[in-house]
Amino acid sequence: MKNRENEVAKQLANIFNKIADALEFKSEIPFKIIAYRKAARVLNDLTEDIEVLWEENKLRTIPGVGEGIAKKIDEYLKTGKMRKYEEALKNIPSGLLSLLNIQSMGPKTLRLAHNKLGVNSKGDLEKVIEDGSLAKLPNMGERKVENIKKGLKIFSAQEKRISIGVALPLVENVINWIKKGAVAAPISSERIEPAGSLRRMKETIGDIDILCTPTYHLSGRGKNGTKIIEHFTNFPETSRILAKGETKGSIIVNQRYQIDLRVVKEECFGAALQYFTGSKSHNIKLRSIAKEKGLKISEYGVFDGAKKIAGEKEEEVYSILGLPYIPPELREDRGEIELKTIPELINYGDIKGDLHIHSRYSDGQNSIKEIAEFAKNMDYEYIAITEHSKSAKYAGGIDEKILEQEIEEIEQVEKECGIRIFKGIELEILNPLANGLDFDDKILEKLDIVIGAVHTSSKKDMTEAICAACCNSNVDIIAHPTGRLISRREGYKIDISKVIEKAASTNTALEINAYYDRLDLSDINARKAKENGVKIVINSDAHSTVMLKSMRFGIGVARRAWLSKGDILNTLSVEELEDWFKNHKR
DNA sequence: GCCGTTTTCGGCCCGACTGTTTTCAGTCG
């Protein structure tokens with residue numbers, strides 16, 4: 001039996017990453033660090049159950065796991081401990097290594113700040129920035145400190161928010177846990193749903209809210225709410241219980257994530273769901289509309305004087321105000337309340353294929369065949385294999401010769417698996433000085449799909465280079481157009497409005513990259529692109545088969561951007577898409 | 001610490017960029 005989302009493999013990945021951080025901090029040989037990081041990455045995305053592999057003595061079949069790491073995994077699975085981990089973290093204050101996540105703060109700088117200035121925490125770091133002592137260290141200066149300060153700002157802003165990619169699976173686990181503790185109630189229609197920014201599919205989430213009705217009760221006697229909440233607070237990964245009552249429970253999970261559960265009566269569930277979903281400004285506007293009509297909205301329902309006139313279903317709350325039902329992803333007070341008709345948003349089942357996937361040929365984890373089979377199981381009609389091109393050396397970029405070999409393999413697998421596999425490349429857009437694209441047109445013409453992409457973190461303005469790529473008749477899509485990483489860095493320097501205009505005039509599609517730390521384009525930019533008539537494509541940018549599942553985060557962004565099925569390239573059928581590839585730049 | 005159609009030892013992770021220097025150290029992808 002597969003354990004929950006391969007929890008143990010993820011724990012191990014986390015441990016190996018921390019070891020790598022610690023070794024980096026101690027300036028160990030880089031190759032060891034790389035090896036730990038690789039093992040961590042592979043374990044994090046592992047599809048097989050790690051404990052099964054362990055029992056069958058097959059740990060070493062995992063790529064990146066050799067004798068040393070296999071031994072450490074074995075030790076951990078046997079004893080729940082790992083000596084190497086404890087040893088690596090010895091003498092390093094807890095919390096210090098997390099500062100490595102600050103942009104421009106690498107292991108060398110951190111060590112220097114720690115050794116010379118006694119920096120042990122974020123607070124210490126802020127202090128030595130302010131009093132100027134950090135800038136006085138060797139090889140440091142005003143500008144470096146300024147960059148760290150900026151990095152710190154992003155780090156602080158994101159520190160308390162949870163990425164949707166972490167929050168959603170976590171909530172699903174918690175909901176399953178609550179359901180598992182429930183006994184089918186005599187009344188049907190028991191309900192449990194996440195609310196808040198998570199339900200609105202925001203890219204980052206503050207606290208996680210879950211609502212349920214008391215019909216989710218445990219066997220035994222006692223008040224329903226109390227029982228449910230008692231069970232909720234026993235969630236295995238709970239590190240602290242903040243509150244535990246009859247209608248509300250609140251826990252901290254894994255030392256970091258706050259989750260609230262509210263138990264609300266069946267007849268109020270719709271109103272409560274609406275209320276707790278927000279956003280705040282959306283709700284304020286609804287309340288003012290209600291007021292004009294002489295009504296009052298609260299989490300308990302819609303009231304005409306003392307009389308409750310709606311509340312069981314969320315739809316009622318809107319209809320009673322004379323509004324169409326507004327999907328959660330639109331509730332940001334960005335004009336959705338004023339709409340006469342709500343756009344038909346793309347649905348989670350509308351995507352027919354994934355057009356940006358890496359296999360083992362570059363830095364992906366799986367073979368083309370594994371990817372094809374997985375995609376077929378997801379009911380996709382097609383996929384595209386798009387490795388990094390040769391200049392992306394750090395990501396195992398491939399040259400023309402290997403690309404030709406890969407094309408042959410793709411054709412072979414396509415025959416075997418019966419799913420259309422487009423032959424593609426994620427083509428490096430070189431920085432302005434290096435001029436142009438990574439491959440010449442001759443080879444690009446052989447491919448079905450060319451995705452132009454920038455990866456280098458150059459501070460040069462990339463607008464012109466990307467616009468030039470749009471003008472190339474072989475380039476179909478621009479991947480992750482701004483290059484931001486939500487938790488770590490702003491994008492590269494780019495005038496996104498210009499890129500959108502150029503994409504529109506050249507019929508180049510722009511990507512919503514569904515990887516949860518990118519979600520790039522953002523909902524705001526994607527909406528701008530739509531308004532300019534740009535085609536959007538939602539891609540997973542998967543480096544492993546598991547990552548193919550992250551498509552839903554991209555669809556969330558698309559919904560928040562008011563996109564419909566018709567705006568999105570990979571809702572087309574195979575034939576329509578082939579047609580598009582052939583003709584969009586003619 | 002991993003890995004092997006060149007190897008059980010000796011490669012692997014390299015190049016661009018920034019900001020610090022006066023020839024180079026550190027970060028990033």
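Values below: every heavy atom of this structure, side chains too, minus hydrogens, waters and symmetry copies. Convention: sequence-line order gives letters A, B, ...; per-chain numbering from 1.
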(message) Just the rounded figure in Å: distance from P of B:dC28 to NZ of A:K493.
(response) 19 Å
(request) With sequence neighbours excluded, tell me which residues meet side-chain contact (heavy atoms from CB on, under 4.5 Å) with A:E408. (result) none
(message) Applying salt bridge (charged side-chain N to carboxylate O under 4.0 Å, His left out), can you list everything that pairs with A:D517, at least two apart in sequence or on another chain?
(response) none
(message) Just the rounded figure in Å: distance from P of B:dC28 to CD1 of A:I102.
(response) 10 Å
List every contact pair, protein side and nucleotides 20-24 of chain B side both N or O, where the distance is under 3.5 Å.
{"unit_1": "B:dT20", "atom_1": "OP1", "unit_2": "A:G141", "atom_2": "N", "d": "3.3"}
{"unit_1": "B:dT20", "atom_1": "OP1", "unit_2": "A:G141", "atom_2": "O", "d": "3.3"}
{"unit_1": "B:dT20", "atom_1": "OP1", "unit_2": "A:E142", "atom_2": "N", "d": "3.3"}
{"unit_1": "B:dT20", "atom_1": "OP1", "unit_2": "A:R143", "atom_2": "N", "d": "3.2"}
{"unit_1": "B:dT20", "atom_1": "OP1", "unit_2": "A:K144", "atom_2": "N", "d": "3.3"}

(request) Sticking with atom P, work out how far B:dT6 lies from B:dC2, rounded to a whole angstrom. (result) 23 Å
(request) Please check if atom CG in A:N57 has more than 12 non-hydrogen atoms from other residues, nucleotides or ligands closer than 6.0 Å. (result) no
(message) If the condition is salt bridge (charged side-chain N to carboxylate O under 4.0 Å, His left out), which residues does A:K71 pass it with, not counting sequence neighbours?
(response) A:E67
(message) Applying salt bridge (charged side-chain N to carboxylate O under 4.0 Å, His left out), can you list everything that pairs with A:K32, at least two apart in sequence or on another chain?
(response) none
(request) For nucleotides B:dT27 and B:dC13, find the distance between their C1' atoms and express it as a whole number of Å. (result) 14 Å
(request) Would you tell me if any nitrogen or oxygen in the side chain of A:K393 comes within less than 4.0 Å of OP1 or OP2 on B:dC14? (result) no
(request) Considering only atom C1', compute the distance from B:dC24 to B:dT20 and round it to an integer number of Å. (result) 8 Å
(message) Could you tell me how far apart A:E426 (CD) and B:dG29 (P) are, to the nearest whole angstrom?
(response) 14 Å
(message) Applying side-chain contact (heavy atoms from CB on, under 4.5 Å), can you list everything that pairs with A:K58, at least two apart in sequence or on another chain?
(response) A:L53, A:E56, A:T61
(message) When you measure from the side-chain N and O atoms of A:S391 to the phosphate of B:dG15, is any distance below 4.0 Å, counting only OP1 and OP2?
(response) no
(request) Within residues 395-407 of chain A, find the residues that approach DNA chain B with a heavy atom at under 4.0 Å, and present them sorted by residue number. (result) none
Show the distances under 3.5 angstrom between N or O atoms of the protein and N or O atoms of nucleotides 2-12 of chain B.
{"unit_1": "B:dC2", "atom_1": "OP1", "unit_2": "A:G66", "atom_2": "N", "d": "2.7"}
{"unit_1": "B:dC2", "atom_1": "OP1", "unit_2": "A:G66", "atom_2": "O", "d": "3.3"}
{"unit_1": "B:dC2", "atom_1": "OP1", "unit_2": "A:I69", "atom_2": "N", "d": "2.9"}
{"unit_1": "B:dC2", "atom_1": "OP2", "unit_2": "A:G68", "atom_2": "N", "d": "3.0"}
{"unit_1": "B:dC3", "atom_1": "OP1", "unit_2": "A:G64", "atom_2": "N", "d": "2.8"}

For residues 125-132 of chain A, please give each side-chain donor-acceptor pair under 3.5 Å, one per line with the distance, not counting sequence neighbours.
{"unit_1": "A:D131", "atom_1": "OD1", "unit_2": "A:S133", "atom_2": "N", "d": "2.9"}
{"unit_1": "A:D131", "atom_1": "OD1", "unit_2": "A:S133", "atom_2": "OG", "d": "2.6"}

(request) Select base, sugar-phosphate, or nothing to describe what A:K71 touches, counting heavy atoms under 4.0 Å on all strands. (result) nothing
(message) Rounded to whole Å, please give me the gap between CD in A:E428 and P in B:dA16.
(response) 12 Å
(message) As a test of reading the structure: which of B:dC13, B:dT27, B:dG29 is closest to the side chain of A:H455, going by heavy atoms?
(response) B:dG29
(request) Identify which one of A:I536, A:I351, A:D567 satisfies the side-chain contact (heavy atoms from CB on, under 4.5 Å) criterion when paired with A:I346. (result) A:I351
(request) Between B:dG26 and B:dT22, how far apart are the P atoms? Round to whole Å, please. (result) 15 Å
(message) Salt bridge check, A:E404 against A:K446: does any charged N sit closer than 4.0 Å to a carboxylate O?
(response) yes
(request) Tell which nucleotide pairs with B:dC17, taking only Watson-Crick or G-U wobble pairs whose two distances are both under 3.5 angstrom. (result) B:dG26
(message) Taking only the C1' atom of each, what is the distance from B:dT23 to B:dG10 in whole angstrom?
(response) 31 Å
(request) Write down the distance separating the P atoms in B:dC17 and B:dC12, rounded off to the nearest Å. (result) 23 Å
(request) With sequence neighbours excluded, tell me which residues meet side-chain contact (heavy atoms from CB on, under 4.5 Å) with A:A561. (result) A:D523, A:A526, A:R527, A:L563
(request) Using the C1' atoms only, state how far B:dT7 lies from B:dG11, rounded to an integer number of Å. (result) 9 Å
(message) If I pick the P atom on B:dT8 and the same atom on B:dG15, what distance separates them, to the nearest angstrom?
(response) 27 Å
(request) Run the ring-centre check on A:F553 versus A:Y515 and record whether the distance is less than 6.0 Å. (result) no
(request) If a pair satisfies side-chain hydrogen bond (donor to acceptor under 3.5 Å, both in side chains) and one of its residues is in residues 496-507 of chain A, list it, with sequence neighbours excluded. (result) A:T506-A:T508
(request) Return the value, rounded to whole Å, for the distance between atom CG of A:D520 and atom P of B:dG29. (result) 14 Å
(message) Tell me the interatomic distance from A:I19, atom CD1, to B:dG1, atom P, rounded to whole angstroms.
(response) 9 Å
(request) Only counting residues at least two apart or in another chain, list the ones meeting side-chain contact (heavy atoms from CB on, under 4.5 Å) with A:E86. (result) A:K81
(request) Look at A:N147 and B:dT18 and indicate whether a side-chain polar atom (N or O) is within less than 4.0 Å of OP1 or OP2. (result) no
